[in-house]
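Worksheet for the structure shown next.
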There are 4 protein chains.
Amino acid sequence: MPPLDPAAAPRWRRRKEDRPQEIVAAALDVFAERGFAAARLDDVAARAGVSKGTLYLYFPSKEDLFKAVIRAAILPNLERAERMIAEVPGPSFALLERLLAMVAELIATTRAAIIPKLVIAEAGNFPELAAFYHREVIQRGFGLLANLLARGVARGEFRPMNIDHAVRLIAAPLLMSAVWRSAFDAVAPMDVPALIATHRDHLRRALLVDGETPNGDRS
Amino acid sequence: MPPLDPAAAPRWRRRKEDRPQEIVAAALDVFAERGFAAARLDDVAARAGVSKGTLYLYFPSKEDLFKAVIRAAILPNLERAERMIAEVPGPSFALLERLLAMVAELIATTRAAIIPKLVIAEAGNFPELAAFYHREVIQRGFGLLANLLARGVARGEFRPMNIDHAVRLIAAPLLMSAVWRSAFDAVAPMDVPALIATHRDHLRRALLVDGETPNGDRS
Amino acid sequence: MPPLDPAAAPRWRRRKEDRPQEIVAAALDVFAERGFAAARLDDVAARAGVSKGTLYLYFPSKEDLFKAVIRAAILPNLERAERMIAEVPGPSFALLERLLAMVAELIATTRAAIIPKLVIAEAGNFPELAAFYHREVIQRGFGLLANLLARGVARGEFRPMNIDHAVRLIAAPLLMSAVWRSAFDAVAPMDVPALIATHRDHLRRALLVDGETPNGDRS
Amino acid sequence: MPPLDPAAAPRWRRRKEDRPQEIVAAALDVFAERGFAAARLDDVAARAGVSKGTLYLYFPSKEDLFKAVIRAAILPNLERAERMIAEVPGPSFALLERLLAMVAELIATTRAAIIPKLVIAEAGNFPELAAFYHREVIQRGFGLLANLLARGVARGEFRPMNIDHAVRLIAAPLLMSAVWRSAFDAVAPMDVPALIATHRDHLRRALLVDGETPNGDRS
DNA sequence: CATGAATGAGTGTTCATTCAT
DNA sequence: AATGAATGAACACTCATTCAT
């Protein structure tokens with residue numbers, strides 16, 4: 001029970017609980033601007049409004065901070081996608097359409113789109129990080145898609161297929177779009193939602209039992 | 001058998017003709033192991049069997065050495081693909097099939113597959129490098145594919161399409177495969193040719209006017 | 001007596017207040033021994049009893065450290081000279097005598113005498129440094145002398161003269177003495193105060209309205 | 001006796017004799033632009049139109065090349081001054097005037113004016129060089145002046161004086177002018193001949209028995 | 001004589017991490 | 001809990017000198 005005497009209340013309960021997320025948000029910004037290796041913890045600390053030493057109170061190393069950044073940027077979106085699939089009952093392809101549009105939107109508009117590039121760049125130097133990302137992000141994301149596809153096949157909506165391959169082929173343009181934004185947007189920007197819309201059309205013909213149905217775009 | 005008398009062995013030998021390629025080959029190895037930023041020129045020199053100073057006789061900076069590595073690894077393959085398209089007269093989709101198989105093979109078997117990862121990792125810190133790669137590799141590769149698609153459409157083999165999008169959707173699984181090999185092969189290896197074969201099947205249905213033709217896999 | 005147990009000795013101690021001057025003093029020593037360009041920051045750090053990285057906590061570059069060395073070595077003396085001229089009311093030539101003697105003494109006995117040599121040596125390669133020294137040291141020193149001469153002329157003590165030239169002619173033997181000590185003292189040492197005393201006699205005849213007054217040396 | 005058969009004459013007696021002076025001239029240029037330490041032998045070789053290895057056929061080290069540069073730039077002028085003093089019979093002060101004007105002219109117009117700065121800068125790192133310069137240039141120059149002064153005193157033209165000091169006081173503004181041109185001309189150029197003319201006027205009053213004689217400028 | 005390819009020691013600067021306060 | 005002064009290892013690039021050709 002907290003003390004009722006206001007004079008006894010700590011004067012600076014300065015959001016001890018918020019510190020980690022503030023640091024993680026600052027780190028995402030700095031990593032996005034400079035890449036992981038070139039990012040300076042000085043800059044992260046400055047942007048988070050703390051001292052450099054404080055970072056080490058919450059994260060034992062730069063690499064661990066990186067993992068926290070990945071978790072914070074990706075997991076909420078993964079969970080959102082998982083909920084969408086679990087809750088929405090309609091035709092499987094319609095679900096896939098919504099999923100593609102959602103990810104395209106995320107890639108086109110949020111800072112989190114930089115994460116794949118960062119992981120790709122550092123995977124070689126931090127195998128543990130590669131394993132972490134594969135386990136916590138890729139496998140979950142692929143699993144989610146695989147479930148959707150399996151459901152569609154079971155319902156007779158989708159043709160029989162090698163689900164593993166299909167998952168990767170569905171994901172590839174999304175990954176490429178995220179990477180492109182991170183690496184080449186300055187030299188040749190790209191309309192991610194439009195590209196993914198075309199991807200959806202390709203997928204309709206490739207996956208659906210009656211992919212030739214003329215009712216193209218409803219999403 | 002070389003003389004064992006060390007006084008008789010020259011400290012070095014003139015190799016003006018061969019040095020550049022030897023250095024570039026060593027650099028590709030080291031860059032592949034450590035990434036560009038983390039690679040030490042000491043290691044490159046040691047692996048090439050020369051002193052560090054010698055690197056600077058042939059390449060004015062680490063970044064220029066990187067460009068030379070890219071050129072050496074990519075351009076011969078690009079030229080090979082361009083020749084293939086120019087010379088082979090058959091149906092456009094058959095050409096596309098051969099192209100996909102060739103690239104899949106390169107990605108699955110050669111060290112050059114590491115290049116996209118390296119460029120992606122450094123594009124942010126070396127904008128000039130991103131521009132170089134976009135100009136010398138991506139635009140040429142995309143242009144080559146665009147020509148092939150335009151020819152197919154003109155001949156009535158392919159449906160009318162947004163060629164720009166189609167090119168990127170064809171390339172995406174190849175890029176993803178190269179990146180995967182560079183980043184996640186240790187944790188979860190991947191059968192690139194098999195994936196690209198499925199990609200080809202998807203593309204047949206997505207691109208061909210009569211994509212439903214049953215003669216699936218001959219390649 | 002300090003404890004001999006090495007585990008009890010802290011690896012370092014906070015010295016935020018004193019560090020800059022300690023580093024500057026060490027830098028003056030090393031620059032004097034090797035010259036600016038040949039001086040190694042490793043040596044400066046070692047002599048200051050800090051690590052090389054610590055230098056960069058206080059000075060953003062070697063060149064900036066050089067400027068701090070110049071300021072620390074010269075400005076106190078300039079200020080002393082300025083005070084002397086402002087406070088002492090007597091005949092202008094007597095003031096000039098005291099000024100000459102003071103500078104001669106500084107040149108003959110202090111490490112600061114090395115500064116002109118260092119600046120001369122590096123001016124070509126660091127134009128910004130030359131401008132800095134001209135602005136912060138030469139102009140102030142020349143201005144101080146010019147004031148003294150103008151006062152003497154106004155009072156009828158000195159002949160009318162080109163003050164700009166006179167200032168330089170007064171300064172030249174001082175500069176030469178400082179440079180000589182820095183460059184040739186090992187091969188042919190020089191009695192700076194005696195030379196400057198003769199300089200004073202020359203100046204008496206050259207500058208004073210009645211320079212022939214027979215009372216030569218009183219200083 | 002040279003062979004008369006023209007076919008036996010060497011086809012490319014390519015000025016084997018001129019090489020050293022060409023190299024020395026190139027070196028003076030490069031040393032003047034960059035200073036001794038920062039000068040690259042690559043640049044010297046390029047400017048002399050030879051290969052870098054060729055430099056070592058004529059000069060065993062960079063320092064020896066420096067000595068040759070000094071000799072080539074200074075000795076002819078010293079000899080010219082010595083001849084002037086030996087041959088011209090007139091009043092001693094008139095001789096001194098001509099000497100001052102000649103040196104002022106050299107300082108104001110020739111590349112050799114950079115030499116004192118170069119020697120000053122490197123004296124600390126090459127004591128042997130300092131000794132060389134002191135012996136070959138300074139002592140000879142000072143001796144020449146000392147002779148002139150001694151002659152003037154003997155003839156009753158000059159007051160009795162400490163000749164050693166007087167020599168240095170005469171030389172100081174010349175040295176300062178040379179150094180100024182090398183170090184500060186870019187930030188504040190200086191009219192050397194005008195300054196030295198005022199120096200001459202000061203010296204007239206300081207040295208001559210009847211220094212007050214009103215016939216100021218005839219030089 | 002002349003070349004120029006090759007050497008390799010040398011150093012200013014950065015930054016993740018530690019730890020005295 | 002928080003600070004920020006201090007550490008020290010790491011690395012690209014230069015250039016006088018050597019020597020195989």
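Keep in mind the model is a prediction, meaning the values are calculated, not measured.
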Non-neighbouring partners of [X] that pass side-chain contact (heavy atoms from CB on, under 4.5 Å), sequence neighbours left out:
X: Ala112(B); value: Ala73(B), Thr110(B)
X: Ala26(D); value: Val44(D), Arg47(D), Ala48(D)
X: Ala186(B); value: none

How close or far is atom [atom2] of [N] from atom [atom1] of [X], stated in whole angstroms?
X: Glu122(A); N: dA16(E); atom1: CD; atom2: P; answer: 12 Å
X: Leu57(B); N: dT3(E); atom1: CG; atom2: P; answer: 18 Å
X: Phe126(C); N: dG12(E); atom1: CZ; atom2: C1'; answer: 11 Å
X: Ile23(B); N: dT7(E); atom1: CD1; atom2: C1'; answer: 13 Å
X: Phe59(D); N: dA2(E); atom1: CZ; atom2: P; answer: 13 Å
X: Leu55(A); N: dT18(E); atom1: CG; atom2: C1'; answer: 13 Å

For Lys52(B), does its backbone N or O pair with a side-chain atom of Asp42(B) as donor and acceptor, under 3.5 Å?
->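 Checking the backbone N and O of Lys52(B) against the side chain of Asp42(B), no donor-acceptor pair under 3.5 Å is found.
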Under-4.0 Å side-chain N/O to phosphate OP1/OP2 contact, [X] with [N]:
X: Ser51(A); N: dG4(F); value: no
X: Tyr58(D); N: dA2(E); value: yes
X: Arg19(D); N: dA2(E); value: yes

Step-by-step side chain to side chain contact (heavy atoms under 4.5 Å, CB included) determination, Arg111(D) to Asp29(D) = CA-CA 8 Å; Arg111(D) 296 171 314 167; Asp29(D) 286 347; 2.2 Å; yes
Can you find a heavy atom in the side chain of Val50(D) that is under 4.5 Å from one in the side chain of Leu57(D)?
->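 No - every pair of side-chain heavy atoms lies 4.5 Å or more apart.
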When you look at Ile115(C) and Tyr133(C), which way does the side chain to side chain contact (heavy atoms under 4.5 Å, CB included) test go after all the steps?
-> CA-CA 10 Å; Ile115(C) 300 282; Tyr133(C) 189 76; 3.9 Å; yes
Under 4.0 Å protein heavy-atom contact, by nucleotide of nucleotides 10-16 of chain F - B base, S sugar-phosphate only = BSBBBSB
Could you pull out every donor-acceptor pair under 3.5 Å between side chains of residues 62-71 of chain A and any protein atom, sequence neighbours left out?
unit_1	atom_1	unit_2	atom_2	d
Lys62(A)	NZ	Phe36(A)	O	2.8
Lys62(A)	NZ	Ala37(A)	O	3.2
Lys62(A)	NZ	Ala39(A)	O	2.9
Asp64(A)	OD2	Ser61(A)	OG	2.8
Lys67(A)	NZ	Glu128(A)	OE1	2.3

DNA chain F stem ranges, 3 or more consecutive Watson-Crick or G-U pairs under 3.5 angstrom |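 Stems (3+ consecutive pairs) listed as E:2-21 with F:2-21.
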Could you tell me the separation between the CD atom of Glu122(C) and the CG atom of Leu129(C), rounded to the nearest 0.5 Å?
->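 Here the interatomic distance stands at 7.5 Å.
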